[in-house]
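This report refers to the structure that appears directly beneath it.
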There are 2 protein chains.
Amino acid sequence: MTTPTRREQILATAAALFARRGFHGVAVTDIGAACGISGPALYKHFASKDALLAELLVGISEELLRVGLERVEAADSPRAALDALVDWHLSFALDHRDLIVVQDRDWSSLPDEAREQVRSLQRAYVDVWADRLRELDPDLDLEAARATAHAAFGLLNSTPHSALLPDAAMRELLHGMALRGFGVA
Amino acid sequence: MTTPTRREQILATAAALFARRGFHGVAVTDIGAACGISGPALYKHFASKDALLAELLVGISEELLRVGLERVEAADSPRAALDALVDWHLSFALDHRDLIVVQDRDWSSLPDEAREQVRSLQRAYVDVWADRLRELDPDLDLEAARATAHAAFGLLNSTPHSALLPDAAMRELLHGMALRGFGVA
DNA sequence: GGCCCAGGTTAGTGGTCGTTCACCTCCCGC
DNA sequence: GCGGGAGGTGAACGACCACTAACCTGGGCC
């Protein structure tokens with residue numbers, strides 16, 4: 001709740017602009033202008049425009065995985081773990097709509113190293129979900145469980161794109177759809 | 001099954017490239033090269049790079065809506081209509097992975113007129129789904145039905161991104177998830 | 001045979017964008 | 001008070017890219 005640093009301000013405004021117009025559709029001049037500074041001042045805070053994107057996407061991938069693991073840890077059944085994961089993912093998606101949009105649109109614009117980092121974090125996160133699904137149904141094979149998790153992300157991540165309902169209603173609707181989709185409702 | 005015209009070849013090649021690297025990440029030279037011609041020859045077939053994108057996206061929006069309506073017409077219950085819609089959407093997504101990816105990534109790069117056209121076609125398509133959902137549950141309000149349809153698209157459209165299972169298995173998995181999500185399984 | 005035009009070609013142009021450079025200015029520690 | 005670094009500025013540069021211009025070519029048609 002402290003006043004955000006310039007660096008954080010840049011990250012937030014960049015996320016908003018990237019979400020609306022795409023990484024390549026936003027010039028560094030635009031980001032600067034939206035922060036009240038102009039153009040090349042960004043380079044006092046980030047090595048490059050790519051590095052800015054990388055920090056956004058690596059950051060959210062780490063947070064999704066880290067908190068996801070915490071929630072699973074705190075749950076006392078596979079069923080409860082899945083419920084907690086859906087709840088967590090939905091909270092994140094509702095609180096960081098911009099980042100969700102940027103993540104699955106501009107992932108391919110990342111420099112190689114960051115792209116690999118995000119990829120492996122995402123794979124780990126998918127497997128947190130997939131393992132819970134397989135605990136619940138031991139006959140489910142690993143690839144099918146991963147595909148199921150992926151489908152759930154697609155479902156939950158639809159919320160930043162549609163935005164048709166108040167957050168609470170959207171949360172309840174998507175939570176129910178996801179759990180019923182898993183067959184655990 | 002006739003040999004594709006140069007025009008169709010360009011459309012298909014462009015779709016593949018756009019899907020992999022994004023609209024702004026592909027140069028007209030790249031598209032030409034991938035077709036065995038080079039650079040500005042494209043302008044003998046399309047007015048601009050934007051127009052090429054527009055033709056891709058307007059085309060798929062029209063086809064999704066048109067066939068969607070046909071399938072609903074042929075169904076004899078709301079339940080059967082939803083089943084047919086899921087089946088149709090899944091067939092389309094599996095057959096046109098590239099276009100699905102391009103549609104929800106590069107929609108914002110469309111010129112104004114085409115963007116409005118796609119938007120209104122998509123809204124109509126969403127409402128085809130939403131109306132069926134409300135026939136099934138008359139207490140569901142319109143915005144919630146639309147959000148539900150939107151979520152289903154997110155779920156079904158995850159398949160081009162994940163591609164973890166053979167088509168038949170993926171189809172079965174997602175079909176089941178969608179219908180259970182609707183609460184009609 | 002001669003016209004023509006659909007569909008290529010290469011060279012060039014204007015604009016945009018990421019990034020660098022040289023410079024300025026305020027504030028903070030000694 | 002004064003030196004220096006953090007953070008800002010505008011100008012310039014080099015790359016890239018969509019698009020245009022001018023030109024070539026070969027096959028169908030009268």
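Source: prediction; values computed, not measured.
- Side-chain atoms of Trp107(A) and Val102(A), non-hydrogen and from C-beta on, never get closer than 4.5 Å to each other.
- Ion pairing between a basic and an acidic side chain is recognised when a charged N comes within 4.0 Å of a carboxylate O; Asp141(A) and Arg134(A) show no such pairing.
- Rounding to whole angstrom units, CZ of residue Arg7(A) and P of dG7(D) are separated by 11 Å.
- Protein chain A touches strand DNA chain C; the 5'-most and 3'-most nucleotides with an atom under 4.0 angstrom of its non-hydrogen atoms are dC17(C) to dT20(C).
- For the pair Phe18(B)/Leu99(B), no side-chain contact is recorded, criterion being any heavy-atom separation below 4.5 Å from C-beta on.
- For the pair His89(B) and Asn157(B), the minimum side-chain heavy-atom distance is below 4.5 Å.
- Both cation-pi conditions hold for Lys49(B) and Phe23(B): the charged atom is under 6.0 angstrom from the six-membered ring centre and inside a 45 degree cone around its axis.
- Residues His175(A) and Leu156(A) fail the side-chain proximity criterion, which asks for heavy atoms closer than 4.5 Å.
- With a 4.5 Å cut-off on side-chain heavy atoms, Gln117(B) and Glu62(B) count as touching.
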At under 4.0 Å between heavy atoms, which parts of nucleotides 14-29 of chain D does protein reach? Answer with one letter per nucleotide, 5' to 3': B base, S sugar-phosphate only, - none.
-> ---SSBB---------
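- Side-chain contact between His24(A) and Ser109(B) is absent, with no heavy atoms from C-beta onward closer than 4.5 Å.
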